[in-house]
Number of protein chains: 2
Amino acid sequence: MVPKSVEIRIHDAMIALTAAEKRAARALLGNYPMLGFAPVAEFSNAAGTSPATVLRFVSRLGFASYPQFQRALRDELEERTKSPLQRSHEVPARDPDHFLDRFFDQTIENLRNSVGGIPLSEFEAACARIAEQRTACHLVGGRFTDAIARYMEAHLRLVRPGIRRLDGRPATRQDQLLDIKAGDTVLFFDVRRYDTDLYETAEALAARRAFPILITDEWISPLSRYAKIVLPCRISVERVWDANTVLFALAEAIIARATELAWSTASRRIGDIEQN
Amino acid sequence: MVPKSVEIRIHDAMIALTAAEKRAARALLGNYPMLGFAPVAEFSNAAGTSPATVLRFVSRLGFASYPQFQRALRDELEERTKSPLQRSHEVPARDPDHFLDRFFDQTIENLRNSVGGIPLSEFEAACARIAEQRTACHLVGGRFTDAIARYMEAHLRLVRPGIRRLDGRPATRQDQLLDIKAGDTVLFFDVRRYDTDLYETAEALAARRAFPILITDEWISPLSRYAKIVLPCRISVERVWDANTVLFALAEAIIARATELAWSTASRRIGDIEQN
DNA sequence: TCAATACTGAAACGTATGGTTCAGAATGCG
DNA sequence: CGCATTCTGAACCATACGTTTCAGTATTGA
């Protein structure tokens, strides 16, 4: 029988490990396999536990001694670097049908497909617009996507002044609309089970000559009617759930790109804040 | 000055090495860097020379001792595996250098790597715990991750009763702690620039016998000390930004799985809500 | 061919490292 | 709440490991 990979051994054993031993396991997985080449004392230090526990951990993995464990790591590493595809940090093959793996695979698939559906020029234009500081920038999300709007708000506030997030409640929204000026950028998140309230909001904004950008799903929110820029994402997962991870990823990409574009001011603001 | 790679040092030194030392050098280059992790005796054996020669060889490379040489190898390996390499299996991208594509590629890579680092048993245990309705479930996020906590809150509220999100401000947090009972689940999000406030919170919770679950980054928040379950994610993007998309994806996976597990009640609750 | 020099590995040494024990702390159960 | 059990790390021990020494061997130049 081929000896099992150390990584797999850890996963298998994980459930039976004690608290301190788990810390050791995590530390090792955290920078695998390098930490295993360190002396026990350093390992235990990095894991925040005692050398004794590390030794127990190693023995639970089925190794007779620490050196033997290290040798296994070395052999494994050798095996890996010799194999045709340099699969330096590949997923250890385990049950490919497990929920988590399937879910992540699907998410990855969505990300892939989404990239293709987003025109680069649109993406660039959106980022440029958001980095543009002469006009204010407003963020609006729906029931679930509001969280994404908040995330973006928290980041963009570091980058530039004039960031606002519109509150979710339709009642207060009317008031907030008053602050939006002609030329202001408004970034909408709207996905399936499209929010009908938003529809009115968008209409009002169009009348005010704002610049609406829409991030939506593959079925495209009716808001697109009013949007100057539309960025569609693939969100369905196995036809059961809709997953907003792709929206989130896109939000992060926009944040990152806008930060680049507005770097001259962003760096100053960030610097100021870090000092406190 | 940045320390030179060991490999380069060897090449530089090669010309000045003696015959037996060259054998050592070749052996090391021959299966680099694994042989360097072996004890001196084994190294010398593999190189067909004596331990003394290996030591001399190492010292010629400019290292003060064999352990120091090994540490350099480890650091180097670490550096290498952390860099954004291995993008062989990818979308036939149009402009592969464009920001958006690169960003998504990196995110995909992070998702891939993250799956490997999360033990299924831990993931399952966390979901089961969150689906468990006899105890309350509290969510806590940091500066940016608070948005993710909110997202999760919005979903889990549909699934089961007893969901609460702790407010970010340390002042109000004290009051909120009072509501947490022994056995309650507390889900923390904590990534780099770890929130020191959270640390105290976690300590207090541990004293109250709550059940802390931690979602963190590859460097593992110090909170892990108190956590019963730790789910680490890969978040670094090209060493410049940290991206929380993976955290978000994990949050969604947990939501989805917990929904499955608690389906009997979840379906009823969702049905009730949809009717309105 | 011989002498001077450099190289090499066997053996001896001291230390840092892995391993073990045990008392105290934490945990879980009745 | 208190007992039994398990877990944990401090202190200790044995030894394997890196290191040094030194005598023997090869190499080079005269």
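Only this structure's heavy atoms are used, side chains among them; waters, hydrogens and symmetry mates stay out.
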Problem - Which residue lies more 5' along DNA chain C, comparing A/Val40 with B/Glu21 via nearest heavy atoms - result: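 The residue whose closest nucleotide sits nearer the 5' end is B/Glu21.
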With respect to the phosphate group of [N], does any side-chain polar atom (N or O) of [X] fall under 4.0 Å of OP1 or OP2?
{"X": "B/Thr49", "N": "C/dT8", "value": "no"}
{"X": "A/Ser65", "N": "C/dG18", "value": "no"}
{"X": "A/Ser50", "N": "D/dA10", "value": "no"}

Assign [X] to base, sugar-phosphate, or nothing according to its heavy-atom contacts below 4.0 angstrom with the strands shown.
{"X": "A/Pro51", "value": "nothing"}
{"X": "B/Ala52", "value": "base"}
{"X": "B/Ser44", "value": "nothing"}

Problem - All side-chain contact (heavy atoms from CB on, under 4.5 Å) counterparts of A/Ile15, not counting sequence neighbours - result: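 A/Ile15 satisfies side-chain contact (heavy atoms from CB on, under 4.5 Å) with B/Ser121 once adjacent residues are dropped.
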Give the rounded distance in Å between these two atoms: [atom1] of [X] and [atom2] of [N].
{"X": "A/Arg60", "N": "D/dT6", "atom1": "CZ", "atom2": "P", "answer": "11 Å"}
{"X": "B/Arg71", "N": "D/dG18", "atom1": "CZ", "atom2": "P", "answer": "15 Å"}
{"X": "A/Arg23", "N": "D/dC7", "atom1": "CZ", "atom2": "C1'", "answer": "11 Å"}
{"X": "B/Lys22", "N": "C/dC7", "atom1": "NZ", "atom2": "P", "answer": "11 Å"}
{"X": "B/Asn45", "N": "D/dC17", "atom1": "CG", "atom2": "P", "answer": "12 Å"}
{"X": "A/Phe63", "N": "C/dG18", "atom1": "CZ", "atom2": "P", "answer": "15 Å"}
{"X": "B/Phe69", "N": "D/dT19", "atom1": "CZ", "atom2": "P", "answer": "11 Å"}
{"X": "B/Tyr226", "N": "C/dA26", "atom1": "OH", "atom2": "P", "answer": "12 Å"}

Exercise for the section: Could you tell me whether the side chain of A/Arg56 has a donor or acceptor atom within less than 3.5 Å of a complementary atom in the base of D/dG9? Expected result: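 Result: at least one qualifying N/O pair found.
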Compute both the distance and the angle, then confirm whether [X] meets the cation-pi test with [Y]: under 6.0 Å from the six-membered ring centre, within 45 degrees of the axis.
{"X": "A/Arg71", "Y": "A/Phe63", "answer": "no"}
{"X": "B/Arg257", "Y": "A/Phe99", "answer": "yes"}
{"X": "B/Arg129", "Y": "B/Phe211", "answer": "yes"}

Quick one: which of [options] gets closest to the side chain of [X]?
{"X": "B/Leu55", "options": "C/dG18, C/dG9, D/dG18", "answer": "D/dG18"}
{"X": "A/Pro67", "options": "D/dT8, C/dG18, C/dC7", "answer": "C/dG18"}
{"X": "A/Pro39", "options": "D/dT19, D/dC17, C/dG18", "answer": "C/dG18"}
{"X": "B/Thr18", "options": "D/dG9, C/dC7, C/dG18", "answer": "C/dC7"}

Problem - B/Arg234 with B/Glu109: basic N within carboxylate O range, under 4.0 Å - result: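 No, no charged N to carboxylate O under 4.0 Å.
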